[in-house]
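See below for the structure under consideration.
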4 protein chains.
Amino acid sequence: MNVQLEDCHSKRRAILNSTLTLIKDYGFHGTPMSQIAKHAHVAAGTIYHYFDSKETLIVELYVETKEKLAEAILMNYDETKTYKERFFQFMINQYNFYINNPSALVFLEQYLNSPFAKNYPEKDSPLFLEKVIPFFVFGIENGVFKNIDSRLLGPTIKGTLVAAANFRLAEQMIYSEEDIIEVVQIIWDGIKKQ
Amino acid sequence: MNVQLEDCHSKRRAILNSTLTLIKDYGFHGTPMSQIAKHAHVAAGTIYHYFDSKETLIVELYVETKEKLAEAILMNYDETKTYKERFFQFMINQYNFYINNPSALVFLEQYLNSPFAKNYPEKDSPLFLEKVIPFFVFGIENGVFKNIDSRLLGPTIKGTLVAAANFRLAEQMIYSEEDIIEVVQIIWDGIKKQ
Amino acid sequence: MNVQLEDCHSKRRAILNSTLTLIKDYGFHGTPMSQIAKHAHVAAGTIYHYFDSKETLIVELYVETKEKLAEAILMNYDETKTYKERFFQFMINQYNFYINNPSALVFLEQYLNSPFAKNYPEKDSPLFLEKVIPFFVFGIENGVFKNIDSRLLGPTIKGTLVAAANFRLAEQMIYSEEDIIEVVQIIWDGIKKQ
Amino acid sequence: MNVQLEDCHSKRRAILNSTLTLIKDYGFHGTPMSQIAKHAHVAAGTIYHYFDSKETLIVELYVETKEKLAEAILMNYDETKTYKERFFQFMINQYNFYINNPSALVFLEQYLNSPFAKNYPEKDSPLFLEKVIPFFVFGIENGVFKNIDSRLLGPTIKGTLVAAANFRLAEQMIYSEEDIIEVVQIIWDGIKKQ
DNA sequence: AATGAATGAGTCTTCATTCAT
DNA sequence: GATGAATGAAGACTCATTCAT
């Protein structure tokens, strides 16, 4: 059954969720395993049934969170739309994901700026690598964007979106769809050819 | 004597420099005080003559590093130049600072994405707050930029520059002045009015 | 099983006993947690499962030791005896407790003359406060003793008994029941009415 | 000159006074040398011109404080008075010393119940050993007191007086001469022959 | 004599991890 | 699978003491 399937690793999920929540507020090293256990309502030892170590837990949390981000970005993907339209859809989806998952936003940023990212460069979301990145590479290779390296393009785009999401979250206000579009327009104006 | 003056807090400086260097590679909690002491060639206890705690050390390191960034950004400031020219100068200076101080770049990003930044929001570089931020605010208020909130503009600009600097550093190549200008152009195109 | 029950917190007891023994010889700050752990045959970290801190450990040790003193004092309590007879019983019991638990004697005195006693005035043995103190208060209020404040009476009585116990322990001799009674007689003669 | 003489070791006195004051509030191990230095307005290193170590400082402070106690006890000594009268004078003097020097009272009690007293049993006030103790020994040997060991008599007397002094200090009230005499009467009644 | 920066051994405490139940 | 008591290595920090000035 589906329920069965979802439930069969419910403790694993609880652990991951608790880790995400706690790291948002206290950071990696401010979040001891004992606290994760308590927050997830499991015994400390139980965490080690699902994860080899705290390091593993965090890296796996990163991969899964990034995967969810990729899924969100790819929502309502419509090949029939123009590249620009699909670009805007990607951006809006990403923005909305951050707004709806602030813990994920904080965690992802923290992770990417920590030694973890350098120590496990190969650990990343398959969906992101296989679907999201290539979309932008396509844009560059086909002359949609200025002729800049794709590895530069990505952070540029992300930097602005993340900044916007953080800002909106800090203000604790709900913004309209147009606000989001305005931000994406800034990005688009910066990178589009000509 | 000049030497005397420079030396007068040489241990404090050595501690700050060692902290910056080690945090770049190992992160906040991967850098024990004992290691900082060893790297700075001082006794562990000596650190506590200059800083109340590890937390204080890191926060003060942030403020001083940011201050240096502000100084670098403001270099060769020329009121007679156009706003756009000064904007480009700011950007190029900031970019060069990152390229010449990769540890600072990594540290600043790590700090801003850590719980520290949230716990000590008032701890920041006076020079940055009084000179750099107002320059951009001026641009917004005088219709140079799109009408976006200054707190959104800053991260947008920084995000792209940081991404570019990180990318160039990772490649371990030396780029020409034109490469830098190209990046700044992307930013400018995105945020300028019209 | 009884053994099971006694064992159920055997480590906690071992820690308390070791603390008492070591403090007797080396004082509070001459007794590091590591030494307590070693003496109790537990890991250093284990102490922190049972006590929040060294301070807590010492305060709880005080309360429990005082409780045992109170239990000892109240042994063979017989309401049908005269007040004077019960007073002598109390005194003899207390004296014997000190003789049989020299560590407790030294520890209690050290504690009461340390900043601990001032910092945690509310931490004390319930049994002592509810049964022992009221017995002496009764004596005062019913004209058995001179009309002195009960808070003055207690220390007076205790001072003499403690001095006697310390003296006997230092001599390392075994004294007869009459010796004890002689000391109690001194106290009684001093405080009884008339 | 006298002033010269008093002044010539003014720093030594300042250190001793500061130590006494701080230990009263924070205990031996709650009083670091650095704090003593600060309170005495001297450099940390200066303490080591006058005392070999912290341990030495405390032991010397004990001897000097006890010496002052002995001087106070012996004030207005009048050989022509009866033994009982001189006994009462001794007691009242001691009591007054405690009331006027609460720091000394706390310090002396703390010291005597610490490992110091056991580690340096030979370190004590000469005046106390040569004048005060013999006075009480005389009383025992000449049948004034009950036939108890002098080493038991001393603590008995002291215990009551100290308790009374502590009690009065805690109440922060000023008591009349008669109150003091009442306490001494309790002691006297307890130990006098018959 | 006096200073106070510097030292580093030693302390309390935390926390990732293990393992018997 | 699940538990949580127990572990002990490692960390932040303190503080008595020294010594160049």
Side-chain angles (χ1 to χ4, degrees), chain A residues 8-12 15 28-38 40-58, chain B residues 8-12 15 29-38 40-57, chain C residues 8-12 15 29-38 40-57, chain D residues 8-12 15 28-38 40-58:
Chain A
C8 95
H9 289 310
S10 70
K11 301 220 168 184
R12 187 174 183 284
I15 292 163
F28 294 137
H29 124 262
T31 304
M33 294 296 259
S34 57
Q35 202 129 41
I36 294 172
K38 196 176 292 172
H41 299 295
V42 299
T46 303
I47 301 178
Y48 290 86
H49 275 291
Y50 297 104
F51 306 95
D52 284 348
S53 65
K54 191 182 184 182
E55 197 137 336
T56 302
L57 165 59
I58 289 171
Chain B
C8 104
H9 286 310
S10 68
K11 304 226 167 182
R12 188 174 182 284
I15 291 163
H29 102 267
T31 304
M33 295 298 260
S34 57
Q35 199 132 19
I36 294 172
K38 197 175 290 173
H41 300 294
V42 300
T46 303
I47 301 178
Y48 291 88
H49 269 288
Y50 296 104
F51 307 95
D52 282 346
S53 65
K54 190 180 185 182
E55 197 138 334
T56 302
L57 165 59
Chain C
C8 102
H9 285 310
S10 68
K11 303 225 168 184
R12 187 175 183 282
I15 291 162
H29 102 268
T31 304
M33 294 298 259
S34 57
Q35 199 132 19
I36 294 172
K38 197 176 291 174
H41 300 294
V42 299
T46 303
I47 302 179
Y48 291 86
H49 268 289
Y50 296 103
F51 306 96
D52 283 346
S53 65
K54 191 180 184 182
E55 196 137 336
T56 302
L57 166 58
Chain D
C8 94
H9 289 310
S10 70
K11 301 220 169 186
R12 187 175 183 283
I15 291 162
F28 293 136
H29 124 261
T31 304
M33 294 296 260
S34 57
Q35 202 129 41
I36 294 172
K38 196 176 292 172
H41 299 296
V42 299
T46 304
I47 302 178
Y48 290 86
H49 275 291
Y50 296 104
F51 306 95
D52 284 346
S53 66
K54 190 182 185 182
E55 197 138 336
T56 303
L57 165 60
I58 289 171

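The shown structure was predicted, so the numbers you read here are calculated from the model rather than taken from an experiment. The figures that follow rest on heavy atoms only: side chains count, while hydrogens, waters and symmetry mates do not. Letters go in sequence order (proteins before strands), and every chain restarts at 1.
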Please give, in whole Å, the distance from [N] [atom2] to [X] [atom1]?
| X | N | atom1 | atom2 | answer |
| --- | --- | --- | --- | --- |
| D:Phe51 | F:dC15 | CZ | P | 20 Å |
| B:His29 | F:dA12 | NE2 | P | 10 Å |
| A:Ile15 | F:dA2 | CD1 | C1' | 11 Å |
| B:Met33 | E:dT11 | CE | P | 20 Å |
| C:His41 | F:dA6 | NE2 | P | 15 Å |
| C:Lys38 | F:dA6 | NZ | P | 20 Å |
| C:Tyr48 | E:dA16 | OH | C1' | 18 Å |
| C:Ile47 | E:dC15 | CD1 | C1' | 16 Å |

Subject >> Pair of N/O donor and acceptor under 3.5 Å linking E:dA5 base with B:His49 side chain >> reply: no
First locate atom [atom1] of [X], then atom [atom2] of [Y], and finally report the distance between them rounded to the nearest 0.5 Å.
| X | Y | atom1 | atom2 | value |
| --- | --- | --- | --- | --- |
| A:Ile36 | A:Ile15 | CD1 | CD1 | 8.5 Å |
| D:Lys54 | D:His29 | NZ | NE2 | 8.0 Å |
| D:Thr46 | D:Met33 | OG1 | CE | 11.0 Å |

**OP:** For E:dT7, give its Watson-Crick or G-U wobble partner with both distances under 3.5 Å, or none.
**Re:**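 The answer is F:dA16, by the H-bond criterion.
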Original post:
For F:dT21, what is the paired nucleotide under Watson-Crick or G-U wobble rules, both distances under 3.5 Å?
Top reply: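 Across all strands, the one nucleotide that pairs with F:dT21 is E:dA2.
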**OP:** Measure from the side chain of A:Lys54, starting at C-beta and using heavy atoms only, and say which of F:dA16, E:dA16, E:dG4 lies closest.
**Re:**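 That would be E:dA16.
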Subject >> Upstream residue (5' side of DNA chain E) when B:Ala43 and C:Glu55 are each assigned their closest nucleotide >> reply: B:Ala43
Can you see if the side chain of [X] gets near the phosphate of [N] - specifically, an N or O under 4.0 Å from OP1 or OP2?
| X | N | value |
| --- | --- | --- |
| A:Tyr50 | F:dA2 | yes |
| D:Lys11 | E:dT3 | yes |
| B:Thr46 | E:dT7 | yes |

Subject >> Residue whose nearest DNA chain F nucleotide is more 5′ - B:Thr31 or D:Ser53 >> reply: B:Thr31
**OP:** Taking all heavy atoms of A:Ala43 and all of A:Ala37, pick out the closest pair and write down the distance.
**Re:**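 So the minimum-distance heavy-atom pair works out to C-CB, 3.9 Å.
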**OP:** Given side chain to side chain contact (heavy atoms under 4.5 Å, CB included), test C:Phe51 with C:Arg12 step by step and report yes or no.
**Re:** CA-CA 9 Å; C:Phe51 306 96; C:Arg12 187 175 183 282; 3.9 Å; yes
